Amino acid sequence: MDLRDLYQDIILDHGRHPRNFRPLPGASHFAHGHNPLCGDKVTIFVRVEDGRVADVSFEGKGCAISIASASLMTEVMQDKTVAEAQALFAHFHGKVTGAEGAGVSASSVSGLPADLLEEGDRLEPLAGVRSYPARVKCATLAWHTFDAAVGGMAGGGPLKTE
Amino acid sequence: MDLRDLYQDIILDHGRHPRNFRPLPGASHFAHGHNPLCGDKVTIFVRVEDGRVADVSFEGKGCAISIASASLMTEVMQDKTVAEAQALFAHFHGKVTGAEGAGVSASSVSGLPADLLEEGDRLEPLAGVRSYPARVKCATLAWHTFDAAVGGMAGGGPLKTE
Amino acid sequence: MSALLQERPAVAPSTRGAFDPKVVRQQFPVFARNPGLVFLDTAASAQKPACVIDGLADYYRADYANVHRGVYGLSARSTARFEAARDRVAQFLNAADASEIVFVRGATEGINLVAQAWGPAFLKPGDQIVVSELEHHSNIVPWQMLCHRLGVELVVAPIDDGGALDLAAFARLLTPRTRLVAMTHVANVTGGLVPVERVVQLAHAAGAKVLLDGCQAVPRLPVDVQALGCDFYVFSGHKCYGPTGIGALYARRAVLDAMPPWQGGGDMIRTVTFAETTYQDAPQRFQAGTPDIAGAIGLALALDFMDDLGVDAIREHEAALTRHARAALSALPGVTIVGAGAESVGVVSFEVDGVHPHDLATIFDQHDVAIRAGHHCAQPLMDRLGLVATARASFGVYSDEDDVAALVAAVRAAQRLFGLVSAR
Amino acid sequence: MSALLQERPAVAPSTRGAFDPKVVRQQFPVFARNPGLVFLDTAASAQKPACVIDGLADYYRADYANVHRGVYGLSARSTARFEAARDRVAQFLNAADASEIVFVRGATEGINLVAQAWGPAFLKPGDQIVVSELEHHSNIVPWQMLCHRLGVELVVAPIDDGGALDLAAFARLLTPRTRLVAMTHVANVTGGLVPVERVVQLAHAAGAKVLLDGCQAVPRLPVDVQALGCDFYVFSGHKCYGPTGIGALYARRAVLDAMPPWQGGGDMIRTVTFAETTYQDAPQRFQAGTPDIAGAIGLALALDFMDDLGVDAIREHEAALTRHARAALSALPGVTIVGAGAESVGVVSFEVDGVHPHDLATIFDQHDVAIRAGHHCAQPLMDRLGLVATARASFGVYSDEDDVAALVAAVRAAQRLFGLVSAR
Ligand SMILES: Cc1ncc(COP(=O)(O)O)c(C=O)c1O
Ligand SMILES: Cc1ncc(COP(=O)(O)O)c(C=O)c1O
């Protein structure tokens, strides 16, 4: 395994200069995420309007992987419907765990709608994580926290405030 | 090791037909002994008069070794002074543990007074126990209980009622 | 983790036939190292097969590191093996999920965990806990201590004169105040199989939770916690061919989730500040500190070993050998067998007129026959039976009719030594 | 039992000189099985020497049976080895008597035992327990839980900015309400050596009992509990080259005798009836159920191993290597070392500007360098230091300057990968 597969330039860049790294005044949803094994913390803020992610941002402390993953997530999630966000989470989850379909149905992975394929590709740099099982939790922390914030997105439940 | 060293005829006899196996009305001292590992139980009754063991008896349930040891003990203890009883306990203890002097000073073992030598010899059949470490507690149960009844005999303390 | 599990060849239960204890015995180094040993104390603790001993050693040689916290490869490998062991136990008991398995030192610790963590959270003064007369001290004393602490009442379900749990009497004891029934699955003194399915049904109908003590059952019977429907199930690894120091508590997920933590420390927390601490979900919440990693892995190896023989085949073997031993012993003059109810497995307790069990054990030892003599940590049962002690022979997968023959010969030798039969 | 102990050749401490870690390393199979491994996570758990692994396996092969209750030879032998292991631990800590040693799963269980058995019997609302900012969660959370249960107050002794316990501040915190001081002997994050002799003197002068957490000390320093004068001392076997699942609680005899039992079960009782149960004396009273027999025996083998190297020599080795590592790391640009006070041993925590510890650990792993990254179960200390995580390297008897060189090279590689130094 080449470390460069994990620490691609885009990851290092997002790790060092995270996008949407700020509180979100007027957020309709937010959640705190925490990895008890390493103490890393993240807060995700979301403003949902008309069933769409009108804005999403984050704050926190963590490793390059978790910060980059959060940063990339805030980019791809902008303006998505809940169903789209759900599809992206499933896609991302399959990508980083390698076990496509673990806890997420395989069809939702393969079946990323055509208009999301570009967003899906933007997450490709995170795929290197799958070779580093100890780091998968770093990559997924922000996503699970987003999920918690908007209320069981993966389960398709209704949006709710934490 | 020959089992006959442990189960000598005299042991089997005392095990089957224990002497002084009865309650002792008018006992001045008594104590209950118990081996938590096997559940065996013994009660020792003593009537002390003028600093002598005027009478001693026992009741209980146990294996051949523990019953025979109790029975032989009641025989040798009859009419002994506290000091003599103490010397016999020390002598017996050294005999069955093999570790003469473990917790008992060596001089008190070797130095069994001349007038107690005969009593000491009567305990010889119990010496086989030393080859069976798991059974030493069976042999000593009655003796420790006697000791408890008359109040720390081994420590030479004053006689006291339980 | 599941990959590790799947590496094992899948053997369909139905294809596993009876096994030959003489062949099985060759896998147990203790018999080569102690030639002539007739080991009839498996109920106290089982001997260990080479696959467990060597597997344990090999884990330490190749894969050892602390679990759950290391990023490096060795620690990830160790963690995967440890969690695969949890999966293995869950699968063996047919638990719905691996998160229902808490590793403990043994059955005793498992019962104490339930008593100390579940008890104070769910019991109030006047509530009742039911145990049976058959129980091991480990399934009595923790409840007694809890009853003293909380003002709860300990109720005792009686056995009948044949040694079986009196189900009708048990049913009558259940009241709306019964909160927990704690009962053995197989009695350690008699080998008697308790009808725990009925016990669970009756207890649940009365609204009580059920803890089953599987110490003597797991080594001898297929156990399916979902089919049993019990709320808690405990067993010790050392009694089913695994290492000392490890065992498992199964608890239904909903029950476990509702329980507060027990011991505090590393690995069971989410966040710690001096002001406040939050805890992990089960099972981590109940495993403070570095667990017995090697023990868990060794236990999984032992369960693999049992599965390879086939648990149904083990049960058949032990039941048949027990029947044989009971028949052979009762044919001897002066020998009385302690009643075990309708069905018994793996264990037989007996008395020999005129020879105390302790003397028997010593005499047997001179014939290289290892049995247990005593109260077997079941003094209340001894009191009920009017005994202070019994002699107990118990079997494992390496035991066979030759062992029973040696036992019978040893009984006769003891009787001769004590002059109870003529020496010829 | 003493005979078993005496079989070991008596080596006078003064004749044991320095040892060569390269030679010592050959006794650790993990390095042969994982060629190239640079293992710098000994503070989390130590690797095991062949004498422990093989000795454990051999015990199972030759001498295994349950303890304390068997009349037969195998059980007597097993019991003798188990109790000899207790003697061995007592001797290693210089306890006055073997009965002052209770076997536990590890330090965490030892601390919980004291909190749950000693605590409720001797504390009342308004009393205080003092811990330090340096503690591992295992020496915080059990006290927090106890404080909640009893209405007792948890008081925190601060460290100074150099990472040392602030002794003056500690002294000022002690009041007549202070009933217990629970403190680490060597801090697991920093390696800092706490002046526990002074802590004990001050606490005792205030009428408080003292528990010392020796997890990181026992593998690295001669420990003499009588000279320290502490009331309780705990450590984990897996951190001093022994098996997982075993550790010891030392408690002064008088303190232990005054404590009520903790868990109920077999082996800790004197008599049991459903009406009433009486308990054994210490240490049996605190060891319910079948103990981790093999674990205790393995721990004794590990202590033998340490004694053969010489604990003074181990201390010298670790202190020297720690000094060397601190110097080598601080010479690197962008590296900051976490303060450990005046003296540190075996452990060094550090940060690398611009690279999170988790990323460091992953990158190091690719260079076969195994370190820990995280909060090291000491979140309150992290909060005090204003960190969420550190990278931690820790040493054992098999570690040497080549390991430090590999660590330094790995730091530089990480910095290059992250573009923090020019790649050349
Ligand atoms: C200082 C200290 N205390 C307590 C512990 C907990 O030890 P264990 O997990 O073995 O119970 C550790 C190690 O993790 C430690 O370093
Ligand atoms: C039925 C039963 N319950 C509980 C125990 C206690 O098991 P352990 O000592 O392994 O905790 C035993 C064995 O001693 C047993 O046979």
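Everything numeric in this text was worked out from a predicted model, so none of it was measured. The chains referred to below are lettered A, B, ... by the order of the sequence lines, with proteins before strands, and numbering in each begins at 1.
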Novice: Side chain from CB out, backbone as N, CA, C, O: work out which of these in R149(C) comes under 4.5 Å of a heavy atom of chain D, or both, or neither.
Specialist: side chain
Novice: Please flag which part of F103(C) lies under 4.5 Å from any non-hydrogen atom of chain D: side chain, backbone, both or neither.
Specialist: neither
Novice: Can you tell me which portion of F39(D) sits under 4.5 Å from chain C's heavy atoms? Options are side chain, backbone, both or neither.
Specialist: side chain
Novice: Taking side chain as everything from C-beta outward and backbone as N, CA, C, O, which of these in P243(D) sits under 4.5 Å from a heavy atom of chain C? Side chain, backbone, both or neither.
Specialist: both
Novice: Sort Y279(D) into side chain, backbone, both or neither according to what part of it lies under 4.5 angstrom from a heavy atom of chain C.
Specialist: side chain
Novice: Can you tell me how far apart OG1 (T271(D)) and CD (Q379(C)) are? Round to the nearest 0.5 Å.
Specialist: 6.0 Å
Novice: Most heavy-atom pairs under 4.5 angstrom with chain C, which of V156(D), L56(D), T362(D)?
Specialist: V156(D)
Novice: Side chains of N34(D) and R61(C): any donor to acceptor distance under 3.5 Å?
Specialist: no
Novice: Say you draw a straight line from CG of L113(C) to CD of Q263(D); how long is it, rounded to the nearest 0.5 Å?
Specialist: 8.5 Å
Novice: To the closest 0.5 Å, what do you measure between CZ (F274(C)) and CD1 (I140(D))?
Specialist: 4.0 Å
Novice: By a 4.5 Å heavy-atom criterion (distance strictly below it), what part of L74(C) contacts chain D: side chain, backbone, both, or neither?
Specialist: side chain
Novice: For A50(C), which atoms come within 4.5 Å of any heavy atom of chain D: side chain, backbone, both, or neither?
Specialist: neither
Novice: Against chain D, label I111(C) side chain, backbone, both or neither, depending on which of its atoms sit under 4.5 Å from a heavy atom there.
Specialist: neither
Novice: Under 4.5 Å from any heavy atom of chain D, what part of P261(C) do you find: side chain, backbone, both or neither?
Specialist: both
Novice: Please find the pair of heavy atoms, one from A294(D) and one from T244(C), that lie closest to each other, and give the distance.
Specialist: N-OG1, 3.1 Å
Novice: Check the angle between the aromatic planes of W262(C) and W262(D) and answer parallel, tilted or perpendicular using the 30° and 60° thresholds.
Specialist: parallel
Novice: Heavy-atom distance under 4.5 Å to chain C: side chain of V155(D), backbone, both or neither?
Specialist: neither
Novice: Closer than 3.5 angstrom, by distance alone: can the side chain of N112(C) be matched with the main-chain N or O of G264(D) as a donor-acceptor pair?
Specialist: yes
Novice: Counting only non-hydrogen atoms closer than 4.5 Å, does D292(C) touch chain D with its backbone (N, CA, C, O), its side chain (CB onward), both, or neither?
Specialist: both
Novice: For F364(C), is it the side chain, the backbone, both or neither that has a heavy atom under 4.5 Å from a heavy atom of chain D?
Specialist: neither
Novice: Among V52(D), D383(D), T290(D), L154(D), which residue forms the greatest number of heavy-atom pairs with chain C at distances under 4.5 Å?
Specialist: T290(D)
Novice: Between N66(D) and A44(C), what is the shortest heavy-atom contact and its length?
Specialist: ND2-O, 2.9 Å
Novice: Give a yes-or-no answer on whether the side chains of Y64(C) and S45(D) include a donor-acceptor pair shorter than 3.5 Å.
Specialist: yes
Novice: Heavy-atom cut-off 4.5 Å, strictly under: side chain, backbone, both or neither for P380(C) against chain D?
Specialist: both
Novice: Out of R33(C), K48(C), Q47(C), which residue meets the side-chain contact (heavy atoms from CB on, under 4.5 Å) rule with Y60(D)?
Specialist: K48(C)
Novice: Give, as side chain, backbone, both or neither, the part of Q116(C) having an atom under 4.5 angstrom from any heavy atom of chain D.
Specialist: side chain
Novice: Under a 3.5 Å distance rule, please check whether Q144(C) uses its side chain to pair with a backbone N or O of T273(D) as donor and acceptor.
Specialist: yes
Novice: Between A76(D) and chain C, which part of the residue has a heavy atom less than 4.5 Å away: side chain, backbone, both or neither?
Specialist: neither
